[in-house]
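Report on the following structure.
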Amino acid sequence: MKQVLDKILLFLFFALNLLLFKDSLSWFYKILIGLHDLFNTVLFVLLLFFILKKNSLKIESFRFSYKLPPLVICLLSVTGYYLLEKYIQINILSFIVFLIYVFGFLGFYIPNYRWKKLLIPFGLVLLVLPFGNLLDLYIGFPLRIASVNLVSVFFEFIGIDYLSTDTIITIENNSSQVDFSCSGIKGLWAALIFYLTNTWLKRYKVGFNWLSIGLILMLLILALNTVRILILVYFDLVLKLPKISDIIHVPLGVFGFVFSCTVTYFLSDYFLELKEEELFVNSSENLNKSFNKWFLILPLIQIVFCLNMRKQSLPKVKENNDYFNSLYINNWGFEKSNLSNQEVSFIENQGGQLEKFTFSNEALKGNGFILKSKTWRSHHNPEYCIISRGEKIVKSETLMIDNKNSIKNIVLKNGQQGYYWFQSKSYITDDFGTRVWKEIFYGKKDWFLVCVIFNPNKKPDQKYIFVKQVIQHLNSKQ
C-alpha cells in the first residue's frame, strides 16, 4: 500500500513541477536543439549516464521520506525561481535554480548517504551545461569590466594615463580585445570542472580546506587573466606591436589555466583528506522515517506561486514609422519588408518595434533590420540569427568609429559582408554584454539594434558611408 501511495505522490509532484517550471524546461529544450555547444551537450549526457550507473539510481528503489535539508533546499529554490521569473527574467539563472530544486527533491527519495555523494557530480552537471555564451553575457561582462579597470589603474600608476577603460575594452586589434576567451569566464569554468572532477575521482572530503583551495583556484584564474590583458594591451597600445599580441594571445591564456590547475592539484594532494570507505547502508533507511506535516508547505507554496506566476510586463516602445523618411534613405533605394507572423508575435511580446528593409541602387544592394526596444530582452546577438539560417561567418571583427564607439564587421562564406551594432543616444557598441549592462548599471533604456547585410561587391567606402548615415539618422530620432 505504501508503495502505491509513494508512486501517487511522486506523480502528483511531477505534474506540479512541470506546471511551475515549464518555462525553464521549454527554454532548455530550445537551447539544446538550437544554439548549443555540441561538446558540452555530449559531455552533459555522458556525465548523467555515469552518475546514474555509479550510484545505481533505479526508479523502483525510490521511496519517499521526509527530511529537513531537502525541504529547505526545495523551499529556497522554489521561492528563488518565482522571484527570478517574476522580476528578473534571466532564463539561465532560473534554470540553474530549477536544477538545484531537482537536487533537493531527490533527497526525499534516496538514502542520505547516496544523496550527499551526488553533491560533487551535481556541481559537474551544472558546469557542463551548454551555457558558455550566456554565462559570458551575464557573468563574464562584469568580470571583464573589473579586469579592465585594474589594468587601467595600473597604467595610470606607471604614468600612462591615455588608456581609458573604453580604449582597452574596444581596441581594434582582435588579439587584445577583451572578449569571451579572455573575460575570465572560459578559464574559470574549465578550471572548476577540473577541480570538481579531481575531487570526485580521488574522493576528497568536502570541507573548509576544500572550499579554500577552490577559492584559491578562482582567484588565480582571475588574477592571471588580468595580467594577460595587461600584457596584451601593453604590447598593442603602448609598444605598438599588435603582431606580438596576436602571437602571445593564446599561449598566455593556456599558461594561466595550466598553472592555476597545477597549483590546485598539488594543494589538494597535500591538504585534502580522502573519504573513508563507506560501509553498506541498508536501503530501508527511507522506510523507517515517517511522513511529516511540514512537508505540506512545499506543495502549497508551489500552488500559490503557480497561480501568481505573472511576469513583470516589459516596457513598450511608442510606434514611430519615421525611420525611413529622410532624404538620404530614399537615395539608397530603401523599401520596407513585411514581417512574418512569428516576428510580429515576438516583437509584441517583447515590447519592441521592428523594421525590416531592403535597399538597392547603383552602388549597393542588400537587406537589414532595425529593432528598437526599451529592454535588452528584445535584443540579441545578430550572429546567432545568421548562423541559424545555415550561413557561416568566416570573419568577425570589431571596428572603432571613434575613441569609444564600435561596430562589428562580419564576412560570410558566400561573400556577403555585414555590420551590426547596438546604439543609444550617447553610446554605440558591437557587444551585446555591454548593451545589457549599460542598461542595468546606468538605466539607459532606449536602444536600437541595427544589422545590415550587403551583397558581394568591392565598394567598402560606400558601405561605410551607408553605415555612418544610418547611425546619424537614428541619432536624430532619439
Query - D446 side chain near K374 side chain, heavy-atom distance below 4.5 Å - result: yes
Query raised in the report: More than 12 heavy atoms of other residues, nucleotides or ligands under 6.0 Å from OH of Y234: is that the case?
Result: no
Requested in this report: For the pair K392 and L412, evaluate side-chain contact (heavy atoms from CB on, under 4.5 Å) and give the outcome as yes or no after the intermediate values.
Outcome: CA-CA 6 Å; K392 184 176 181 180; L412 308 185; over 6 Å; no
Query - Test item: side-chain donor near acceptor, N17 and Q302, under 3.5 Å - result: yes
Query raised in the report: Can you tell me if W210 uses its side chain to pair, donor with acceptor, with the backbone of E273 under 3.5 Å?
Result: no
Query - K202: partners by side-chain hydrogen bond (donor to acceptor under 3.5 Å, both in side chains), with sequence neighbours left out - result: Y265
Query - Heavy-atom pair of closest approach, residues G107 and K67 - result: O-NZ, 2.7 Å
Report task. Identify the residue among F432, W437, W447, Y427 that makes a ring pair (Phe, Tyr, Trp, His ring centres under 6.0 Å) with F422. Result -> F432
Query - Separation between CG of L126 and CD1 of I100, rounded to the nearest 0.5 Å - result: 6.5 Å
Query - With sequence neighbours excluded, residues passing ring pair (Phe, Tyr, Trp, His ring centres under 6.0 Å) with F154 - result: none
Query raised in the report: Roughly how far, to the nearest 0.5 Å, is CG of L230 from CG of N225?
Result: 11.0 Å
Report task. Show the numbers, then the answer: is there a side-chain contact (heavy atoms from CB on, under 4.5 Å) between Y195 and L124? Result -> CA-CA 10 Å; Y195 187 52; L124 283 171; over 6 Å; no
Query raised in the report: Listed by chain and number, what are the ring pair (Phe, Tyr, Trp, His ring centres under 6.0 Å) partners of Y81, not counting sequence neighbours?
Result: F21
Requested in this report: Dump the intermediate steps for side-chain contact (heavy atoms from CB on, under 4.5 Å) on I96 and I92, then the final yes or no.
Outcome: CA-CA 6 Å; I96 289 174; I92 184 173; 4.2 Å; yes
Query - S396 side chain near E383 side chain, heavy-atom distance below 4.5 Å - result: yes
Report summary line: Heavy-atom nearest pair, L252 first then R228, reads CB-CG, 3.7 Å
Report task. Compare all side-chain heavy atoms of L118 with those of I110 and state whether any distance is below 4.5 angstrom. Result -> yes
Query raised in the report: Any donor-acceptor pair under 3.5 Å linking the side chain of H379 with the backbone of V436?
Result: no
Query raised in the report: Who pairs with K395 by salt bridge (Lys or Arg N to Asp or Glu O under 4.0 Å), at least two apart in sequence or on another chain?
Result: E397
Report summary line: Taking every heavy atom of P382 against every heavy atom of L449, the minimum-distance pair comes out as CG-CD1, 3.7 Å
Query raised in the report: So which heavy atom on E85 is nearest to which on S94, and how close?
Result: OE2-OG, 2.8 Å
Query raised in the report: By ring pair (Phe, Tyr, Trp, His ring centres under 6.0 Å), which residues pair with F369, not counting sequence neighbours?
Result: none
**Report entry** CG-OG distance between N112 and S65, expressed to the nearest 0.5 angstrom
**Finding:** 7.5 Å
Requested in this report: Decide yes or no for L106 and F122: does some side-chain heavy atom of the first lie under 4.5 Å from some side-chain heavy atom of the second?
Outcome: no
Requested in this report: Measure the acute angle between the ring planes of Y101 and F105, then classify it against the limits of 30° and 60° as parallel, tilted or perpendicular.
Outcome: parallel
Requested in this report: Could you pull out the closest heavy-atom pair between I73 and G104, with the gap in Å?
Outcome: CG2-CA, 3.7 Å
**Report entry** Pairwise distance CD1(I120) to CG(L201) - rounded to 0.5 angstrom
**Finding:** 11.0 Å
**Report entry** Aromatic ring proximity Y109/W115, centre distance under 6.0 Å
**Finding:** no
Query raised in the report: Would you say the side chain of L224 lies within less than 4.5 Å of the side chain of F257, judging by non-hydrogen atoms?
Result: no
Query raised in the report: So F108 and Y66, would you call those rings parallel, tilted or perpendicular, with 30° and 60° as cut-offs?
Result: parallel
Requested in this report: Before giving the answer on side-chain contact (heavy atoms from CB on, under 4.5 Å), spell out for M218 and L192 the whole-Å C-alpha distance, their side-chain angles and the decisive distance to 0.1 Å.
Outcome: CA-CA 8 Å; M218 289 187 284; L192 288 174; 4.1 Å; yes
Query - D430 to S406 - nearest heavy-atom pair and separation - result: OD1-OG, 2.7 Å
Query raised in the report: Under 4.5 Å between any side-chain heavy atoms of L20 and Y82, yes or no?
Result: no
Requested in this report: Nearest 0.5 Å please: distance from the CG atom of L188 over to the CG atom of L219.
Outcome: 9.5 Å
Query raised in the report: Sequence neighbours excluded, which residues qualify as side-chain hydrogen bond (donor to acceptor under 3.5 Å, both in side chains) partners of S77?
Result: none
Query raised in the report: Between the main-chain N or O of L232 and the side-chain N or O of D236, is there a donor-acceptor pair closer than 3.5 Å?
Result: no
Report task. With the side chain counted from C-beta on, respond yes when W421 and T429 share a heavy-atom pair under 4.5 Å apart, and no when they do not. Result -> no
Query - Gap separating the CD1 atom of I410 from the CD1 atom of I386, nearest 0.5 angstrom - result: 3.5 Å
Requested in this report: With the side chain counted from C-beta on, respond yes when F305 and K86 share a heavy-atom pair under 4.5 Å apart, and no when they do not.
Outcome: no
